[in-house]
Structures are given as C-alpha cells and as structure tokens.
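A short worksheet on the structure shown next.
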Number of protein chains: 2
Amino acid sequence: MSRNNAGLSAERIITEALRIIDGQGLRRLTMRRLGDALEVEAMAIYHHFPLGKEQLFEALVAYISDVSRGASGGDGDEAQESTEDDGEGADDSSWDRRLRDWAMDYRRALLDHAQALPLFIHRRPDTEAALRTRELHYAAFAEAGLSGADVVQAAAALDSYVTGAVIHEVRANGLPAREPAAIDGRFPHAAALNGVELDPERRFTDGLDALLGSLRP
Amino acid sequence: MSRNNAGLSAERIITEALRIIDGQGLRRLTMRRLGDALEVEAMAIYHHFPLGKEQLFEALVAYISDVSRGASGGDGDEAQESTEDDGEGADDSSWDRRLRDWAMDYRRALLDHAQALPLFIHRRPDTEAALRTRELHYAAFAEAGLSGADVVQAAAALDSYVTGAVIHEVRANGLPAREPAAIDGRFPHAAALNGVELDPERRFTDGLDALLGSLRP
DNA sequence: ACCTGAACACCGTTCAAGT
DNA sequence: ACCTGAACACCGTTCAAGT
C-alpha cells in the first residue's frame with residue numbers, strides 16, 4: 001500500500017477547509033484537523049500551499065468571491081447559476097440586471113460562508129476571476145452613462161453596500177433580542193422599537209434598488 | 001516585594017491588548033504576550049476575564065464601538081470629542097448633524113483599529129453604551145419624520161453603510177494596484193481605469209450625504 | 001513530485017497553590 | 001481578592017526522510 005499520492009489537490013483542500021469552517025467555525029480550521037479530514041498528514045497540505053495557512057486563507061477568499069464558478073469543475077454542493085443561461089461569457093441582459101444578479105449571488109456566497117467573513121477584511125482576491133468581476137462592474141456602470149472616476153466610485157459603492165449589508169445581517173442574527181427589562185425609560189425609542197424585525201431579503205433588494213437608482217447619472 | 005496586586009484592571013488590559021493589535025496585528029495578540037506587556041503572568045488576565053480570550057474580544061469590540069467615551073476615565077491617546085461641546089447628554093444639534101457626527105466618529109474609531117475589524121463580524125456589543133447609540137439613531141430618525149419599522153431600517157442602513165465603507169477602504173489599502181501588464185485586452189474598462197484613486201474621506205462623506213438624503217421621507 | 005514523521009517553538013486554559 | 005507556576009492538550013511550520 002503506497003501511502004503517497006493521496007489524490008490531494010488545491011481544490012480538494014479548499015472545499016474541505018470550507019466544510020470545516022462552515023460546520024465548526026474559522027477558529028477550528030487547523031492544519032492538523034484539515035489533514036485529518038483529507039485523510040492525510042497535515043504537512044502534506046504544505047506541498048500544495050507552500051506559504052502555509054495564510055496562502056490557504058487567500059485561496060478561500062478567492063474561491064468564495066468567484067461567484068461565476070460552476071461551469072466546469074466544481075463538485076460543490078450549491079448551485080451557483082443565476083437563472084438558466086449556462087453558457088459562459090457575454091451576458092446580454094441590461095446593465096442593472098447584471099449588477100443586481102452579481103450582488104444577489106455575491107450576497108448568497110458570503111452568507112453561505114459567513115464564518116469565513118473575517119478573512120475578507122484584510123484580503124482581496126488577486127485572481128483573474130476577480131478581474132473579470134471588476135470588468136463586469138465597470139462595463140455595466142459605463143453602459144449606465146458614467147465615466148472616469150465616477151465608474152470607480154460607483155463600483156466601490158456597490159461593493160461596500162453588499163459587504164456592509166451582509167455583515168449587518170450576520171451581526172443581527174448573532175445576538176438575541178435584548179430583554180425589554182434592560183431597556184428602561186432613558187431609551188424610549190429603543191424600547192418602543194425593541195424586537196422589530198425586518199425581512200433581510202427584502203431589506204437587501206430595497207437598498208440595492210435605491211443604491212443603483214442613485215448611482216445612475 | 002509582593003508580586004501580587006500588580007494593578008491590573010479590565011481597562012488596562014483592554015488598552016494594552018489594543019496597542020498590541022494595532023502595532024502587531026490581531027494574530028499576535030496572545031494571552032502570554034499580553035501578560036508580558038502588562039508585566040504580569042498570562043494567567044492573571046483570567047482573573048479579570050474569567051471566560052478567557054473570547055470575553056476579551058467582546059470587550060474590545062465594545063470599547064472601540066463606544067465612540068462617546070472620553071468624558072471621564074480614559075487615558076486614551078486619541079481625542080474622541082466631536083467639536084467642542086464637552087458636556088455629556090443632550091445634544092441640541094439637528095438630527096442629521098448628530099447622525100453625521102456619529103458616523104464620522106465611528107468610522108475614525110474603526111479605521112484607527114482596523115486590525116481589530118475581524119472581531120466585529122460575529123460580535124456586537126451588548127453594553128449600555130451600545131444601547132445609548134441605538135437610542136441616538138432611533139431618536140434622530142424619528143425626528144427626521146420616520147416611524148416604526150422605517151426607523152429600524154434606516155438605522156440598519158446607516159450602520160451597514162459605515163461598516164461597508166470602512167471595510168472597502170481597508171481592503172483597498174491592503175492590495176497594491178495591479179501592474180497594467182496583467183490587465184490585457186479582455187478587460188478594457190478595468191485597464192482604462194486602472195490606478196484611479198479616490199479620496200476616501202470625500203467618498204465617505206459624499207456617500208453619507210446621499211444615504212441620509214435618501215432616508216428622509 | 002508527493003507525502004510522512006519527528007521535532008521546535010509556540011498557543012489557550014485548568015488547577016492547585018501562594019500571599 | 002489577586003496573582004503565580006506547573007501542567008495539559010493543543011497549535012503552525014521546518015526539515016530530513018521516504019517512495
């Protein structure tokens with residue numbers, strides 16, 4: 001029995017790491033546990049990620065951010081296709097529909113891997129897929145009538161919006177509603193509105209509509 | 001020489017932890033290093049934070065979020081007062097000025113401790129200061145003419161905006177601009193706009209103005 | 001090329017003990 | 001009440017070695 005060639009690959013490592021993160025949390029993703037899950041010694045991972053855990057983290061951010069993945073290799077457990085056009089490349093829908101689709105897909109990807117979100121703060125994917133996404137954003141805003149720095153600013157606003165909305169949603173889910181007892185007369189508005197819940201999906205699309213509307217020249 | 005009563009306190013632990021995070025990064029904040037910096041054994045920290053590192057993390061999030069701190073105890077190194085009104089309590093400026101001041105202060109606090117930002121994603125302060133902030137937001141939006149769920153939605157949008165904008169700013173600072181070589185003809189818009197930088201301060205206040213304008217009924 | 005095994009310098013936390 | 005010291009069960013990573 002050769003104990004070598006366990007069939008390890010970067011993709012297999014990434015998806016297994018994501019499974020651990022999603023199921024047990026970011027802090028429980030350790031090289032040793034990841035090795036166990038892959039039925040391999042932890043040190044084998046370093047052959048595919050020579051720079052260690054930091055390199056794995058960057059790959060995870062790039063993997064999650066690549067919302068357009070799914071045409072070819074993925075044995076992933078989630079459908080990542082928008083509606084029904086399977087073909088890659090050119091999308092002939094309107095600029096705001098393209099941006100809306102991207103925003104919805106990206107939000108879903110972030111929510112599906114909410115435990116990985118801390119990785120996103122100080123890391124940004126430097127891949128061709130990320131560049132494709134940037135091109136998609138710029139082209140759409142150019143088509144909307146913007147130009148120059150306005151395009152960059154609009155793309156930044158869109159990215160900021162999705163990130164901020166998702167984090168707000170995640171933070172809200174974490175903490176249970178305050179018991180009314182703790183909110184006394186000094187906080188009348190907070191007391192009156194305590195427990196008011198908003199439909200997060202609707203909140204997101206409403207805010208998205210408002211943003212895209214305000215960005216059009 | 002009694003080695004006891006080293007003058008440890010929750011506040012001293014928090015500010016020292018923040019100094020380590022700001023100077024060396026979140027991952028280098030360890031109980032042992034923190035103990036060293038406080039000239040105490042690491043285990044002494046557990047007397048003030050019996051639940052360990054997670055409790056310390058929560059305290060850090062609450063500390064940074066409390067933008068109104070500074071009237072009494074703080075020996076902090078940063079001025080956290082908005083303009084010149086030292087008194088606590090009632091603020092008679094307009095509702096949008098109050099919200100704008102809070103947003104600018106909160107953004108500054110987050111940027112000053114950008115290395116601590118990953119802590120914010122899955123934690124929200126459950127303190128009286130946090131409740132005061134919520135009351136401030138709700139009261140301002142009520143004064144603006146909103147009511148009921150619209151107030152909660154507006155507050156959520158404001159919080160999301162600041163978080164998203166700060167994270168975008170931090171992520172943009174991290175990665176150096178792509179070398180133009182990597183951006184070939186397939187990405188014409190990305191190539192044309194490569195290297196376009198936006199003044200982050202202006203971008204933030206512009207977006208803030210747009211948001212507050214759109215939230216008014 | 002791809003993986004193992006032992007080793008090093010760390011971690012967070014518990015627990016009994018000191019003052 | 002407040003802090004120490006030793007100990008336990010982990011970490012990430014290096015390095016030489018196996019096939």
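In what follows, every heavy atom counts, from backbone to side chain, and hydrogens, waters and symmetry copies are set aside.
A close approach under 4.0 Å does occur between a side-chain nitrogen or oxygen of H48(A) and OP1 or OP2 of dC3(C).
If you measure from atom CG of L38(A) to atom C1' of dC2(C), you get 14 Å, rounded to the nearest angstrom. What separates NE2 of H47(B) from P of dT14(C) is a distance of 14 Å, to the nearest Å. Rounding to whole angstrom units, CG of residue D36(A) and P of dG12(D) are separated by 12 Å. In this entry the distance linking OH of Y46(B) with P of dG12(C) reads 7 Å, nearest Å. Rounded to whole Å, the distance from CZ on F49(B) to C1' on dG12(C) is 16 Å.
For the pair S68(A)/W102(A), no side-chain contact is recorded, criterion being any heavy-atom separation below 4.5 Å from C-beta on.
Classification of R203(B) and E169(B) as a salt-bridged pair fails, no side-chain N sitting under 4.0 Å from a carboxylate O.
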Check: protein-nucleotides 8-11 of chain D nitrogen or oxygen pairs below 3.5 Å:
from: dC11(D); atom 1: OP1; to: R33(A); atom 2: NH2; distance (Å): 2.9

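Of the candidates L111(B), D105(B), L110(B), R108(B) forms a side chain to side chain contact (heavy atoms under 4.5 Å, CB included) with just one, namely L111(B). For the side chain to side chain contact (heavy atoms under 4.5 Å, CB included) with F141(A), the lone residue among D150(A), V152(A), L212(A), L136(A) that qualifies is L212(A). Tested against R107(B) for a side chain to side chain contact (heavy atoms under 4.5 Å, CB included), the candidates T205(B), T163(B), V162(B) yield a single pass: V162(B).
In this structure, R27(A) and A44(A) both approach DNA chain C, and ranking their closest nucleotides by distance from the 5' end singles out A44(A).
Both tests pass for R69(B) against the ring of Y63(B): distance under 6.0 Å to the centre and angle within 45° of the axis.
Checking dA6(C), dA1(C), dT14(C) against every side-chain atom of M43(A), the shortest atom distance belongs to dA6(C).
Closest of all the heavy-atom pairs between I45(B) and G35(B) is CD1-N, 3.9 Å.
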Please walk me through it: do F204(B) and Y161(B) pass ring-ring contact (aromatic ring centres under 6.0 Å, His included)? CA-CA 9 Å; F204(B) 182 81; Y161(B) 173 73; 5.4 Å; yes

Per-nucleotide pairing state of DNA chain C [Watson-Crick or G-U, under 3.5 Å; [ ] pseudoknot-crossing; | other strand]: ||.|||||...|||||.||

